[in-house]
Amino acid sequence: MARAQTQFESFHRTILFGYDSSQDLRDRRDTLLADLKKNISADAPPYTTFTQGSYALDTGIHPLDGNPDMDIGVLFECSPNDYPDPLVLKKYVRDALERHNRTVNIRRPCVTVTYYKDESPVHHIDLAVYCSNAAG
């Protein structure tokens, strides 16, 4: 039985994509958050950000396609009633982050920023957009 545990721990260390193995992704996150702060429209409501998902829980794995991600929450201080079209807030985020060295796309659940090397995705950061007063 101990042998299976040893093998599992070895497998887990091999696939784990945690804090120690993601310096590039953390640097990209820091750059994105600085760009968001500097470039977001004056019309956008105030916001805060937080790390979420597998990266926040230290449960990430190296994906088979080699394109690891990080999930960031962007919590706007508003109600959904203030923005009946949810794309308005996502467009504030997208417009603040568009640059020549990355692609920024609005997807249904989030705004995705993808970085490429030799035309292949290296990693991406998903920014999920929330309203702080979701109750209305």
Residue pairs passing the salt bridge (Lys or Arg N to Asp or Glu O under 4.0 Å) test with at least one member in residues 111-120, sequence neighbours excluded, are none

CG of Leu127 to NE2 of His124, rounded to nearest 0.5 Å, is 10.5 Å

CG (Asn81) and SG (Cys131) are apart, to the nearest 0.5 Å, by 9.0 Å

Taken in chain and number order and not counting sequence neighbours, the residues that satisfy salt bridge (charged side-chain N to carboxylate O under 4.0 Å, His left out) with Arg28 are none

Residues passing the salt bridge (charged side-chain N to carboxylate O under 4.0 Å, His left out) test with Arg108, sequence neighbours excluded, are none

[X]: partners by side-chain hydrogen bond (donor to acceptor under 3.5 Å, both in side chains), with sequence neighbours left out:
| X | result |
| --- | --- |
| Asp27 | Gln23 |
| Thr112 | Arg107, Asp126 |
| Asp95 | none |

Would you say [X] and [Y] make side-chain contact, with heavy atoms under 4.5 Å?
| X | Y | value |
| --- | --- | --- |
| Lys37 | Thr49 | no |
| Leu89 | Pro45 | yes |
| Thr31 | Arg102 | yes |

Can you list everything that forms a side chain to side chain contact (heavy atoms under 4.5 Å, CB included) with [X]? Sequence neighbours excluded, please.
| X | answer |
| --- | --- |
| Asp43 | Ser41, Tyr92 |
| Asp82 | Cys78, Ser79 |
| Ile106 | Leu87, Lys90, Lys91, Arg94, Val111 |
| Tyr130 | Phe50, Gln52, Leu75, Ala128 |

Nearest heavy-atom contact between Leu97 and Leu32 is CD2-O, 3.3 Å

The ring-ring contact (aromatic ring centres under 6.0 Å, His included) partners of Tyr47 (sequence neighbours excluded) come to Phe76

Requested in this report: Indicate, with yes or no, if Met70 and Tyr116 share a hydrophobic cluster defined by side-chain heavy-atom contacts under 4.5 Å among Ile, Leu, Val, Met, Phe, Trp and Tyr.
Outcome: no

